[in-house]
Amino acid sequence: LLLVAALVIFRLVVRRDYRRKGRLTPFSSLLEWLIFIAWASFMYVGLPPDWPASHGPPIVRLVAWVFFGGGAAITVAAIAQLGLRRAHGLEANVLTQSGFYGVTRNPQIVAFALVVIGSVMLWPSWHALGSVALYAAIAHTMVLTEEEHLRGKHGDKYVHYCGRVPRYVGVRRGSHEAAPK
């Protein structure tokens, strides 16, 4: 149900705002937040009763806390680099291509994925693993909607950026990824 709600919000409501206004309305931005809050609540439900105690060998716990803390810090830093209003889609006039955004087009998503992975390492379960897949699907749906908007707003400049910087991490896939549809 959460994934269906995310599809409706990102692919219908958010897309409509981007097309009509060139940015998100505060209502759409709030809906985006609510989707991720609902996802976090889903993840919380799966935590073991002895939470916050974590399990596993000390080295795994250490790596998990590094992922968790580092991912949280990078998420906040990426939001700060972009600016709060732009990070929430309320302004979309400038295409940031440096700093974190010179390494990945979606540093907030990638960094928060480290938080998610760290959580799963600390409190492993099938439920936690499912929350990773749900996060990936929800985040990717949001990214596709944002990229469609940025492609329309910034045109060839955005297509060139996509050719230089990967969507998430790893190999750059080229400008075909962001070609107009």
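Position 1 is the first residue of the sequence, and the numbers go up from there.
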Donor-acceptor contact present, side-chain [X] to main-chain [Y], <3.5 Å:
X: Arg61; Y: Gly56; value: yes
X: Tyr101; Y: Leu95; value: no
X: Ser29; Y: Pro26; value: no
X: Gln81; Y: Ser98; value: yes
X: Thr104; Y: Phe100; value: no

Response to the item:
Sorted by chain and residue number, the salt bridge (Lys or Arg N to Asp or Glu O under 4.0 Å) partners of Arg11 (sequence neighbours excluded) come out as Glu148
Worksheet item: Are side-chain heavy atoms of Leu114 and Phe68 found at a separation under 4.5 Å?
Response: no
Worksheet item: Quick check, are the ring centers of Phe36 and Phe112 under 6.0 angstrom apart?
Response: no
Discussion item. Are more than 12 heavy atoms, taken from residues, nucleotides or ligands other than Ile37, located less than 6.0 Å from that residue's CD1 atom?
Written reply: yes
Item to complete: State which residue, out of Val143, Leu31, Thr141, Leu144, fulfils the side chain to side chain contact (heavy atoms under 4.5 Å, CB included) condition with Phe10.
Response: Thr141
Worksheet item: For the residue pair Gln108 and Tyr135, what are the closest heavy atoms and their distance?
Response: O-OH, 4.3 Å
Worksheet item: Do Val14 and Leu12 sit in the same hydrophobic cluster, where Ile, Leu, Val, Met, Phe, Trp and Tyr count as joined when their side-chain heavy atoms come under 4.5 Å apart?
Response: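 In one cluster: no.
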